[in-house]
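Right, one structure below, let's go through it.
Keep in mind the model is a prediction, meaning the values are calculated, not measured.
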Amino acid sequence: MKQFLILFFCSLSVYTQSFPPIQSYTPQEYNAANQNWKISESSNNEILFANSEALLLFNGTSWNNYPSPNGSVIRSVKNIDDKIYIGSHSDFGFFQKLTDGTFEYTSLVDKLNLNIEEDEEFWNILLLDNWIIFQSISRLIFIDKNNNDVKYLKLRGFINSSFSIDKQIYIALNTGLFKLVNGQPELVIDNSQVPSLIINLFNSKAGLLILTSNDGFFL
């Protein structure tokens, strides 16, 4: 019996040590609001957070904060090349590091004189080839990062989420899951077959794996 207990506790010790340590940070420690909307990673391995008050950068040791350029909630963040793109209320653009180590913000809405709808917020940022895609609740705005060409796509219904998987854009609307084919939405599965919100998509050997908010996974 003693030998069994020793073996059990040794096995338990090895099992528990296989998990990495978890460190929690409070809003007081990172000096911003308590809600973080999106996460990305920079080219030099910093973790980026779209926070309700600021863009947050964490290098594993210390935090840096860059206030929201227009004072609104930063809803989305994505690192592309050497730029940190963000989306907020009525605006989106990028932070870029200067030679002195500070970051400067450029509004693409102002720079390109873009058409923004009333109270439009940009909840996600995707990359497809040379196109950076800014997603609001009803539209996708495509910006060519090489020459700043702009395309707009207005969708019927409300966009719950959007994904870029294997060079394919998927859009979860309140009517179902769609994919973009030649720049237009094509139905993949309607909402009668997926009863709750689609919150993530994954590729698997058996097909597209759909994660929902309340009903688990669908294949």
Discussion item. Between Ser164 (side chain only) and Leu127 (backbone N and O only), is there a donor and an acceptor less than 3.5 Å apart?
Written reply: yes
Discussion item. Check whether Asp81 reaches the backbone of Lys83 with its side chain - one donor and one acceptor, N or O, closer than 3.5 Å.
Written reply: no
Worksheet item: Which other residues belong to the hydrophobic cluster containing Val73, where Ile, Leu, Val, Met, Phe, Trp and Tyr are joined when side-chain heavy atoms lie under 4.5 Å apart, directly or via other members?
Response: Trp37, Trp123
Worksheet item: Distance only, no hydrogens: is a donor on one side chain within 3.5 Å (strictly under) of an acceptor on the other, for Ser52 and Gln35?
Response: no
Worksheet entry | Asn65 and Leu57, any side-chain heavy atoms less than 4.5 Å apart | no
Practice prompt. For side chain to side chain contact (heavy atoms under 4.5 Å, CB included), just list the numbers for Tyr66 and Phe95, CA-CA rounded to whole Å, side-chain angles, deciding distance to a tenth of an Å, and then say yes or no.
Written response: CA-CA 9 Å; Tyr66 299 91; Phe95 284 91; 4.0 Å; yes
Discussion item. Between Ser90 and Glu120, do the side chains contain a donor N or O and an acceptor N or O under 3.5 Å apart?
Written reply: no
Worksheet item: Side chains of Asn124 and Ser76: donor-acceptor distance under 3.5 Å anywhere?
Response: no
Worksheet item: With no hydrogens and no angle check, do the side chains of Asp91 and Asn70 hold a donor and an acceptor under 3.5 Å apart?
Response: no
Worksheet item: Is it true that atom NZ of Lys154 has more than 12 heavy atoms of other residues, nucleotides or ligands lying nearer than 6.0 Å?
Response: yes
Discussion item. I'd like to know if the side chain of Asn174 reaches the main chain of Phe158, judged simply by a donor and an acceptor atom lying under 3.5 Å from each other, with no hydrogens or angles considered.
Written reply: yes
Discussion item. Quick check: do Leu56 and Asn36 have side-chain heavy atoms less than 4.5 Å from each other?
Written reply: yes
Item to complete: Look only at the side chain of Asn79 and the backbone of Ser40, and say whether a donor-acceptor pair between them is shorter than 3.5 Å.
Response: no
Discussion item. Taking NZ in Lys145 as the centre, count heavy atoms belonging to other residues, nucleotides or ligands within less than 6.0 Å. Is the count above 12?
Written reply: yes
Worksheet item: With no hydrogens and no angle check, is any side-chain donor or acceptor of Ser161 less than 3.5 Å from a backbone partner on Ile198?
Response: yes
Item to complete: State, to 0.1 Å, how close Val77 and Ala50 come at their nearest heavy-atom pair, and which atoms those are.
Response: CG1-N, 3.7 Å
Worksheet item: Does Lys78 make a cation-pi contact with Tyr85 (under 6.0 Å, within 45 degrees of the axis)?
Response: no
Worksheet item: When the aromatic ring centroids of Phe92 and Phe134 are compared, is their separation below 6.0 Å?
Response: yes
Worksheet item: Any side-chain heavy-atom pair from Leu180 and Glu186 closer than 4.5 angstrom?
Response: no
Discussion item. Under 4.5 Å between side-chain heavy atoms, counting indirect links through other Ile/Leu/Val/Met/Phe/Trp/Tyr residues: same cluster for Ile125 and Leu112 or not?
Written reply: yes
Fill in: Side-chain heavy-atom pair Tyr30, Phe49 within 4.5 angstrom cut-off
no
Discussion item. Walk me through whether Ile141 and Ile133 qualify under side chain to side chain contact (heavy atoms under 4.5 Å, CB included).
Written reply: CA-CA 6 Å; Ile141 300 179; Ile133 306 166; over 6 Å; no
Worksheet item: Without hydrogens or angle criteria, can the side chains of Asp82 and Gln96 be said to hold a donor-acceptor pair below 3.5 Å?
Response: yes
Worksheet item: Looking only at atom types and distance, does a side-chain atom of Asn51 sit under 3.5 Å from a main-chain N or O of Ala33, one as donor and one as acceptor?
Response: yes
Item to complete: Using a 4.5 Å cut-off on heavy atoms from C-beta on, say whether the side chain of Arg139 contacts that of Asn115.
Response: yes
Item to complete: Please examine the side chains of Val150 and Tyr152, heavy atoms only from C-beta on, and report whether any two atoms are closer than 4.5 Å.
Response: yes
Practice prompt. Looking only at non-hydrogen atoms, find the nearest pair between Arg75 and Lys38 and report the distance.
Written response: O-CG, 3.2 Å
Worksheet item: Would a distance-only check, ignoring hydrogens and angles, find a side-chain to backbone donor-acceptor pair under 3.5 Å from Thr212 to Gly216?
Response: yes
Worksheet entry | Contact summary for Ile74 and Leu55, nearest pair of heavy atoms | CD1-N, 3.4 Å
Worksheet item: With under 30° as parallel and over 60° as perpendicular, where do the rings of Trp63 and Tyr25 fit, or are they tilted in between?
Response: perpendicular
Worksheet item: Counting only N and O atoms by type, is there a donor-acceptor contact under 3.5 Å from the side chain of Glu29 to the main-chain atoms of Thr26?
Response: yes
Discussion item. Would you say that Leu114 contacts Ile143 through its side chain, given a criterion of any heavy-atom pair below 4.5 Å between the two side chains?
Written reply: yes
Discussion item. How close do Ser72 and Ser88 get, counting heavy atoms only, and between which atoms?
Written reply: OG-CB, 3.4 Å
Discussion item. Between Asn191 and Thr175, do the side chains contain a donor N or O and an acceptor N or O under 3.5 Å apart?
Written reply: no
Worksheet item: Given Ile137 and Glu121, is the side chain to side chain contact (heavy atoms under 4.5 Å, CB included) satisfied, shown in steps?
Response: CA-CA 7 Å; Ile137 201 169; Glu121 294 190 86; over 6 Å; no
Worksheet item: Should we count CG of Asn182 as having more than 12 external heavy atoms under 6.0 Å?
Response: no
Worksheet item: Closest heavy-atom contact between Gln193 and Pro195?
Response: O-CD, 3.7 Å
Item to complete: Given side chain to side chain contact (heavy atoms under 4.5 Å, CB included), test Leu128 with Lys167 step by step and report yes or no.
Response: CA-CA 6 Å; Leu128 179 65; Lys167 295 187 177 296; 4.1 Å; yes
Item to complete: Look at the rings of Phe142 and Trp131 and say which category their plane angle falls in: under 30° parallel, 30 to 60° tilted, over 60° perpendicular.
Response: perpendicular
Worksheet entry | Any side-chain heavy-atom pair of Leu208 and Tyr170 under 4.5 Å | yes
